[in-house]
Amino acid sequence: MSLSSKQIEGIAHLARLELDAAEIPRYVDSLSSILGLVSELERVNTDGIAPMAHPLEGQVQRLRADAVSSPNLRQLLQANAPQVDAGLYVVPKVIE
Amino acid sequence: MSGEWETVIGLEIHAQLATKSKIFSGSATAYGAEPNTQADLVDLGYPGVLPVLNAEVVRMAAKFGLAVGATINRRSVFARKNYFYPDLPKGYQISQYELPIVAGGHLDILLEDGSTKRIGITRAHLEEDAGKSQHEGVGVSTIDLNRAGTPLVEIVSEPDMRSAKEAVAYMKKIHTLVRYLGICDGNMQEGSFRCDANVSVRRRGAEKFGTRAELKNLNSFRYVEKAINLEVARQIDILEGGGTVVQETRLYDADKDETRSMRSKEEANDYRYFPDPDLLPVIIEDSFVEAVRASLPELPDDKALRFQQQHGLSPYDAGVLTASAEMAAFYESVVALVPSDPKLVANTVMGDFSASLNKDNLDIANSRVSAAQLGVLVSRIVDNTISGKIAKEVFEAMWAEGLEADAVIESRGLRQITDAGAIGAVIDAIMAANPKQLADYRSGKDKLFGFFVGQAMKATDGKANPALLNDLLKAKLAP
Amino acid sequence: MTVPTLAALSAGLKTRQYSSVELTLAALARVERSQPQLNALVTVTAESALAAAAAADQRIAAGTAGPLTGVPMIHKDIFCTAGVLTTCGSRMLSNFVSPYDAHIVTLLADAGMVMVGKANMDEFAMGSSNETSYFGPVSNPWDTTRVPGGSSGGSAAAVAARLAPLATASDTGGSIRQPAALCGVTGIKPTYGRVSRYGMIAFASSLDQAGVITVSAEDAAMTLQAMAGFDRRDSTSIDAPVPDYVAELQQPLAGLRIGILKEFFGEGLSAAIEGPVREALATWQRLGATVREVSLPSLPLSVPTYYVVAPAEASSNLARFDGVRFGHRCDKPRDLVDLYKRSRAEGFGAEVKRRIMTGTYVLSAGYYDAYYLKAQRVRSLISDDFRRAFTEVDLLLGPTTPTTAFGLGDKTSDPITMYLNDIYTIGANMAGLPAMSLPCGFADGLPVGVQLIGPHFAEGRLLAAAHAYQRETDWHLRAPPAFGADFAGEA
């Protein structure tokens, strides 16, 4: 299993990671070798085997009562924000 | 030209569920708060925090499912829809994907020709809303995450609609239903109820669907109709010009009254859905479903049918009166006071009453005339105290000045004249004053009957009992 | 020499041999002295620690203290701590002050424990050598030219060097057990869902589990007692009563059926490891356990399965680090995409990026079924193998790691070589099983760990077996010579 540079660039874009030109071949190599490791799964017969999404089977989603329990913590939570204005998070303009 | 083309429409309606708190957090969902004051750690996607499902959203979705005759899946699963956008705090939206909570229902809509059409509902699934981005600032967009995590039920129809009008009728019907069920406030201005439309056209008779465009941001019934019609015209233009329709997302711009491509949302449209490992399968017991079923109110269609059967209303009138639970309840309160003439009640409620509400932009809860007050007014028509025509005047006074019907009738002397002798005297005087018209009428100009009615009403300030006047006129004018 | 186990320190505090403030000052002094050699901590919280110690001393004086009250400890920097830098070993969070406490942070604080700092770790818990930390590698106290293992390398090194008697840790594919083995300390990864994940920064949600690294199994039992339990804020938390782990330590071993994991004793296991592990097995036999070989044919598939499931979940979990609400933001972003791409490229290190990209790929259109869904099916097979095995035996035994601690920099060039360090530990995460590593000897002066794996919720059985072993041996009490001074004696 070998990935191309173009595929790596596509994946990096999907994952919103900037890669410089020198990094691309390194990720081509390492992701290809990881997929090589993973390719061992292809040989496994999993016909009729259900996918396991959770380690403890039979557990079901618990529900909480519909009640407002969170106070307004804007000031505290925005202390970590890189850029805010008048209580709003600010990002470069999104062009639709 | 459009005769050769058939429009195919499917709708995805997003209804905000009317819970107190968010789908996965304890933040309030109230509309209009200061920005980011109703967004807690979970809503902001802070590192380390986890979602816990609100019980009420499950109940509300089940309610909807049962109301449209759908299956309530005993096992449903939340997945992550991964994409980057500043109003999507975690970088993924939690939404049901392969296993939604509601599957396979339907809803009947009333067409203009009086027939009904069944629209299939593919599925309805639970998901969280995103926040709101604003792009007004210079070089910046700003993000308010109060809405992030508000529970939504997304109702996906089959591509069963064949015109913008049908789409609107379906959307209105869903709107009515979710409000009946008390699961959504239906406020479209605030975005509580909104819709995306998948629109395509094909040659009439063709089996395959055409390539569709998804229209976004349709937050009023009027926009849905306008946007679909614009899009249909656009697609037909393309196809007739020998071009091909591109599958894409298009934004309806109400200001410019056009749809335009949203390429930014299109690129890299790979959502990488997978089951959310932070949430477990939602398991619903039969007993829960039965309890929800027992809690359902009378549904709009059932109510409309009952109005037709019990009150002799037309399907159309029954549909209008059941368009909201409040309207239906109001109508029924008035009927309780005037049981002898439900049709008259229906006409009054749908006529002057509804028109006044619309004119003043009020809802029923804030009406200036109560059901009890309106009941008295209609009773006065039924007991011949006033005519239907005079009733309009009385209603206007009640609405404008907050008066009771009887008070208006008495203070303005609007009581009907039902004394045959008095009316007869008025007729005699009119006949004497208009010999030419009398002669013409008697020589066969039947149309002049209206002239005599008008003169008599004028002479009595409209208070002559119309039926009595009619009878007396006919007798006296006869040659 | 008094070995500063948690149990011993707890007893010393109770009998007023020393105060919590004294213990805390000594811990802070050791931390400070060790930092240049070990780099085990990212943040030292001296001021709040002394305040907490003073409060603990008051509780002790008032007679309201519990067994953990007043004992210094260290939290892995994956756990959110209110008002304290919480970095997860990443530049992305190098400026992140958590506004809230993780569930276990609250529980241990309520128990009166004194946090003296936050432990270094592999970035976002992705690594097996603690070399992916933005804050630099941690050294192994037994040989500072070697790695401590990872991702809880700072926690393991801190306990090994006796900076504190315990450090919290997390385990997604071996991140508690592997560093515990390489540093010669005891580590337990409980059953998935036994300890709340609330406030533990997510790597791979279906595999992550919080646990603890201690000197002894008894200490682990005491700590787990306080950490375990239902938390309504974590939907995957188990709503079941927590047994009395300390009481369960006294379970008799007679008749305990131990299964030797056949697949763990094959090619790739160094003789230096196999010897001490087999000796440990003999000790348990002497204590009354019966031993048989058990084969789990799907178990070797754990590593490839893990490298689909874990990156997939991680790629999604780490999408929230986008430079908008918290965390690193690049300078002067040209536009939104540039903001995302540069903030994330600068904020994440190479291994994290590698896993995000791997995960993005295996979930992407056209590959989901072949990779992600396939891996989930194989995960079922692995889990079924364990379930079958536990119908025949009570515990499974094998080595924790294929080798002893390797040199810093030795395996950084090839991710696959690094990944294979977790070959014996990943299986338990796949099935959500409780597992422990405990010291069982040395090879060339470096610690060797033996691993025990139990069925779901058998923490008590694991701890009891480990405790029985540790009463017969003293490997767990051996401290690295360079850091061997008596903790309490200093106080």
Side-chain angles (χ1 to χ4, degrees), chain A residues 1 3 7-8 10-20 23 26-27 29-31 33-57 59-64 73 75-84 89-95, chain C residues 95-97 99 191-193 206-207 232 235-236 238-239 298 301 303-305 307-308 315 322-327 329 333-342 344-345 348 353-354 356-358 360-362 364 371 373-381 383 415-416 419 429-432 456:
Chain A
M1 183 69 213
L3 294 170
Q7 276 177 302
I8 290 292
I11 296 164
H13 175 69
L14 207 49
R16 296 295 183 272
L17 291 168
E18 180 97 344
L19 296 187
D20 63 43
E23 287 176 291
R26 290 209 294 274
Y27 285 113
D29 285 353
S30 61
L31 261 74
S33 63
I34 292 168
L35 293 176
L37 171 78
V38 160
S39 68
E40 197 183 335
L41 299 178
E42 289 166 20
R43 297 188 286 103
V44 185
N45 181 0
T46 53
D47 294 349
I49 305 294
M52 179 175 164
H54 284 282
L56 295 182
E57 278 156 281
Q59 294 286 319
V60 305
Q61 180 59 37
R62 255 189 321 274
L63 305 176
R64 66 176 176 82
L73 294 176
Q75 207 181 353
L76 178 66
L77 300 184
Q78 291 193 337
N80 278 311
Q83 196 184 356
V84 288
Y89 295 92
V90 179
V91 296
K93 189 156 195 137
V94 180
I95 301 127
Chain C
N95 60 355
F96 179 73
V97 176
T191 307
Y192 182 85
S206 79
L207 302 164
R232 57 178 178 74
S235 294
T236 61
I238 301 299
D239 190 1
S298 298
L301 297 167
V303 171
T305 304
Y307 279 97
V308 174
S315 71
D322 59 3
V324 177
R325 295 164 314 288
F326 43 73
R329 175 185 281 206
R334 289 189 306 278
D335 54 32
L336 182 68
V337 173
D338 185 48
L339 166 76
Y340 284 151
K341 287 191 171 179
R342 277 202 292 132
R344 288 166 61 77
F348 295 137
K353 284 187 248 190
R354 181 154 40 237
I356 289 175
M357 286 199 282
T358 304
T360 301
Y361 180 75
V362 299
S364 63
Y371 288 107
L373 214 53
K374 180 79 180 181
Q376 296 281 49
R377 292 185 206 281
V378 176
R379 193 173 174 185
S380 285
L381 293 177
S383 186
I416 303 295
Y419 294 173
N429 300 82
M430 287 291 138
H456 291 138

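Any value given below was found using the heavy atoms of this structure, including those in side chains, with hydrogens, waters and symmetry copies removed. Naming convention: chains lettered A, B, ... in sequence-line order (proteins, then strands); numbering from 1 in each chain.
- Not one N or O on the side chain of C:R325 forms a donor-acceptor pair closer than 3.5 Å with the backbone of A:L77.
- A distance of 13.0 Å separates CZ of A:R16 from CD1 of C:I356, quoted to the nearest 0.5 Å.
- Contacts of A:E57 with chain C are made by side-chain atoms alone, with heavy-atom separations under 4.5 Å and no backbone atom involved.
- The CD atom of A:E42 lies 6.5 Å from the OH atom of C:Y371; values are rounded to the nearest 0.5 Å.
- With sequence neighbours left out, the ring pair (Phe, Tyr, Trp, His ring centres under 6.0 Å) criterion links C:Y307 to C:Y419.
- In plain terms, the two heavy atoms of C:S380 and A:I49 that are nearest each other are CB-CG2, 3.5 Å.
- Contact of C:P415 with chain A is made through the side chain alone, with heavy-atom distances under 4.5 Å.
- Side-chain atoms of A:N80 come within 3.5 Å of backbone atoms of C:V97 as a donor-acceptor pair (strictly under, hydrogens ignored).
- Once rounded to the nearest 0.5 Å, the distance linking CG of A:L31 with OH of C:Y361 reads 9.0 Å.
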Which is it for C:R354 and A:R26 under the side chain to side chain contact (heavy atoms under 4.5 Å, CB included) test, yes or no, and what are the steps along the way? CA-CA 10 Å; C:R354 181 154 40 237; A:R26 290 209 294 274; over 6 Å; no

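- Contact annotation for A:N45: only backbone heavy atoms (N, CA, C, O) come within less than 4.5 Å of a heavy atom of chain C.
- At least one side-chain heavy atom of A:P55 sits less than 4.5 Å from a side-chain heavy atom of C:S206.
- Partners of C:N429 by side-chain contact (heavy atoms from CB on, under 4.5 Å), not counting sequence neighbours, listed by chain and number: C:D171, C:R177, C:K189, C:L207.
- In this structure, A:L17 and C:A345 approach most closely via the heavy-atom pair CD2-N, 4.1 Å.
- Taken to the nearest 0.5 Å, the CG atom of C:L381 stands 10.5 Å off from the CE atom of A:M52.
- Here the CG atom belonging to A:L41 is positioned 4.5 Å from the OG1 atom belonging to C:T305, to the nearest 0.5 angstrom.
- Looking at C:L339, only its side chain comes within 4.5 Å of chain A, counting heavy atoms on both sides.
- In summary, of the residues considered (A:L3, A:L14, A:I34, A:L19), a side-chain contact (heavy atoms from CB on, under 4.5 Å) with C:M357 occurs for A:L19 alone.
- Contact of the C:L301 side chain with the A:R43 side chain is not registered, since no non-hydrogen atoms from C-beta on lie closer than 4.5 Å.
- Distance alone, capped at 3.5 Å, places no donor-acceptor pair between the C:T360 side chain and the A:I11 backbone.
- Neither the backbone nor the side chain of A:V84 comes within contact range of chain C, judged by heavy atoms closer than 4.5 Å.
- Per-residue heavy-atom pair counts under 4.5 Å with chain C were compared for A:E23, A:K93, A:Q83, and the maximum is reached by A:Q83.
- By number of non-hydrogen pairs under 4.5 angstrom with chain A, the leading residue of C:R379, C:H456, C:Q376, C:R342 is C:Q376.
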Step by step, work out the side chain to side chain contact (heavy atoms under 4.5 Å, CB included) result for A:L56 and C:T236. CA-CA 9 Å; A:L56 295 182; C:T236 61; over 6 Å; no

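- To the nearest 0.5 Å, atom OG of residue C:S235 and atom CZ of residue A:R64 are 9.5 Å apart.
- At a 4.5 Å heavy-atom cutoff, C:S315 makes no contact with chain A through either its backbone or its side chain.
- Within a 6.0 Å sphere centred on CD of A:Q75, heavy atoms belonging to other residues, nucleotides or ligands number 12 at most.
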Starting from the C-alpha separation in whole Å, work towards a yes-or-no answer on side chain to side chain contact (heavy atoms under 4.5 Å, CB included) for C:K374 and A:V38. CA-CA 10 Å; C:K374 180 79 180 181; A:V38 160; over 6 Å; no

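- With a threshold of 4.5 angstrom between heavy atoms, C:I416 approaches chain A through side-chain atoms but not through N, CA, C or O.
- For C:N95, the part sitting under 4.5 Å from any heavy atom of chain A is the backbone (N, CA, C, O) and nothing else.
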